[in-house]
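For reference, the structure I am asking about is given below.
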Amino acid sequence: LPAGCAVAVAESVSEQQASSPTVVVLGLGLIGGSLAAALRGNGFCRRCIGWGHREASLQRGVELGIIDSYPLDLEAAVDAADILVIATPTLVAAQMLERILPRLQGRAQPPVITDVASVKGNLQSTAEAVWGGMPPRLVLGHPIAGSERSGVDAADAGLFLHHRVILTPVPGNDASAVELVRAMWASTGAEVVDMAVAEHDRVLAATSHLPHVLAYALVDALARSDASADIFRFAAGGFRDFTRIASSDPVMWRDIAIANRPALLQAIDLFSDHLQELRAAIDEQQSDALLETFSRAKDARDAFAAELAARGQRPA
């Protein structure tokens, strides 16, 4: 961040730490658990409360020191929050908004609500339908960090360090709510950037959702082939690296594919067209075209790796 912005963020974080809000995390999986662990560890919040459908996971969160406590009642969790973080799968997040927002309408000072879902458009449309417009204190967000691991035991307080978190504020958002969510994520060591909702969904379809679809499709196609036993027996590092993300939570990625359907279909079609061009080049032994494609891809990947290294991330 530029020096002036860094100072402003630091001051905002300092002010927020002084007021020590109660943060309630709905869904104590990898992302929700990691955020809770980070916020408790850095002193951003006075209390961090968890809520979810599985009491065993919530109890485990207390045992690990990730959360202070948990209610089993959703309404009690919502009522306790200064900041409410919806950290459930994408389609469930929309359902959570449908349950939560009617309870908050009419309150003079409802909690600030944010989320961690990988798709924003469906949440914006759900919120607008329930509220009659975008709720001023709902600030949609998405941390660009994760792992193929899942569950509260995978929580990592350093997960967001040097990673980007995208906020998608909209006209009518309460400026103080946006800055509070920005300060919360900045306190985890993340770089916080703003993006329009549609742009977010389009970019993530290409850079995250499509790669996961491809990894799942490749592994599934090979697993269903007659030669699957030999294929997996002799697969090496390249196959392992390319398909690592196919070990991610299938339910989460099913939800993402459905929620971001228009943008993901566009990304799939673009890739399919390019793959057909590449297939034709191989079939027709177009050596120059193949070399040009592979070289162009290598240069782009090397530039991406260098950017990650400059931000303190290790390329996968």
Side-chain angles (χ1 to χ4, degrees), residues 29-31 33-34 89 118 142-164 189-191 203-257 260 264 267-316:
L30 169 68
I31 301 299
S34 296
S118 187
H142 177 210
I144 310 300
S147 166
E148 67 275 15
R149 300 175 62 210
S150 60
V152 67
D153 283 293
D156 175 8
L159 183 67
F160 311 108
L161 188 64
H162 304 309
H163 284 74
R164 285 182 175 151
E191 177 189 355
V203 168
L204 267 294
T207 60
S208 176
H209 308 166
L210 176 63
H212 278 81
V213 167
L214 296 181
Y216 281 124
L218 175 60
V219 174
D220 185 52
L222 297 181
R224 294 167 63 185
S225 75
D226 294 336
S228 62
D230 284 340
I231 288 172
F232 289 112
R233 184 183 309 127
F234 294 105
F239 180 82
R240 177 201 63 207
D241 294 343
F242 181 79
T243 61
R244 174 184 59 82
I245 54 178
S247 292
S248 301
D249 182 359
V251 173
M252 179 181 76
W253 284 100
R254 176 205 63 188
D255 288 358
I256 289 171
N260 205 24
L264 180 55
I268 290 173
D269 290 344
L270 178 64
F271 177 79
S272 296
D273 291 345
H274 192 68
L275 186 62
Q276 286 303 312
E277 292 177 4
L278 190 59
R279 185 191 187 285
I282 294 171
D283 183 39
E284 298 166 11
Q285 302 181 56
Q286 299 175 12
S287 176
D288 290 344
L290 289 172
L291 182 59
E292 180 181 355
T293 297
F294 296 162
S295 297
R296 188 168 58 241
K298 180 185 184 307
D299 289 345
R301 179 57 169 80
D302 289 348
F304 170 65
E307 180 183 348
L308 287 183
R311 299 206 311 256
Q313 296 181 37
R314 181 178 64 83

Point to revise | Whether over 12 other heavy atoms sit under 6.0 Å from Asp299 CG | key: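 It does: Asp299 CG has more than 12 such atoms within range.
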State the CG-CD1 distance between Leu204 and Ile256, to the nearest 0.5 angstrom.
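The CG atom of Leu204 sits 8.5 Å away from the CD1 atom of Ile256.
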query = Of the non-hydrogen atoms in Val219 and Ala246, which two are nearest, and what is the gap between them?
reply =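 Result for this residue pair: CG2-CB, 4.0 Å.
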Here the pair of heavy atoms bringing Pro211 nearest to Ala206 is CD-O, 3.5 Å
Side-chain contact, heavy-atom cut-off 4.5 Å: Ser228 with Leu222?
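Ser228 vs Leu222: side chains apart.
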Side-chain donor-acceptor contacts of residues 273-287 below 3.5 Å, not counting sequence neighbours, with atom names and distances?
{"from": "Glu284", "atom 1": "OE1", "to": "Gln286", "atom 2": "NE2", "distance (Å)": "2.3"}

Residue set satisfying side chain to side chain donor-acceptor pair (under 3.5 Å) with Ser118, at least two apart, ordered chain then number -> His209
Taken in chain and number order and not counting sequence neighbours, the residues that satisfy side-chain contact (heavy atoms from CB on, under 4.5 Å) with Leu214 are Leu210, Phe271
Output all residues satisfying side chain to side chain donor-acceptor pair (under 3.5 Å) with His142, sequence neighbours left out; order by chain, then residue number.
->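 Side chain to side chain donor-acceptor pair (under 3.5 Å) list for His142, sorted by chain: His200.
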For this session: Could you tell me which residues satisfy side-chain contact (heavy atoms from CB on, under 4.5 Å) with Pro143, sequence neighbours excluded, listed by chain and number?
Result: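 Listed in chain order: Ile31, Val116, Phe160, Val165, Trp185.
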Applied to residues 215-247, the ring-ring contact (aromatic ring centres under 6.0 Å, His included) test, sequence neighbours excluded, yields Phe232-Phe239
In terms of heavy-atom contacts, Ile245 and Ala215 come closest through CG1-CB, 3.6 Å
Checklist line | Residues Leu159, Leu30; criterion side-chain contact (heavy atoms from CB on, under 4.5 Å); working and verdict | finding: CA-CA 9 Å; Leu159 183 67; Leu30 169 68; 4.2 Å; yes
Practice problem: For Arg296, check side chain to side chain donor-acceptor pair (under 3.5 Å) against everything at least two apart and list the hits. | Solution: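 With neighbours one apart ignored, the set is Glu292.
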The side-chain contact (heavy atoms from CB on, under 4.5 Å) partners of Ala227 (sequence neighbours excluded) come to Ser225, Ile231
So the salt bridge (Lys or Arg N to Asp or Glu O under 4.0 Å) pairs with at least one residue in residues 213-231 (sequence neighbours excluded) are Asp220-Arg224, Asp230-Arg233
Residues passing the side chain to side chain donor-acceptor pair (under 3.5 Å) test with Asp302, sequence neighbours excluded, are Lys298
d(Glu191 CD, His163 NE2) to nearest 0.5 Å is 11.5 Å
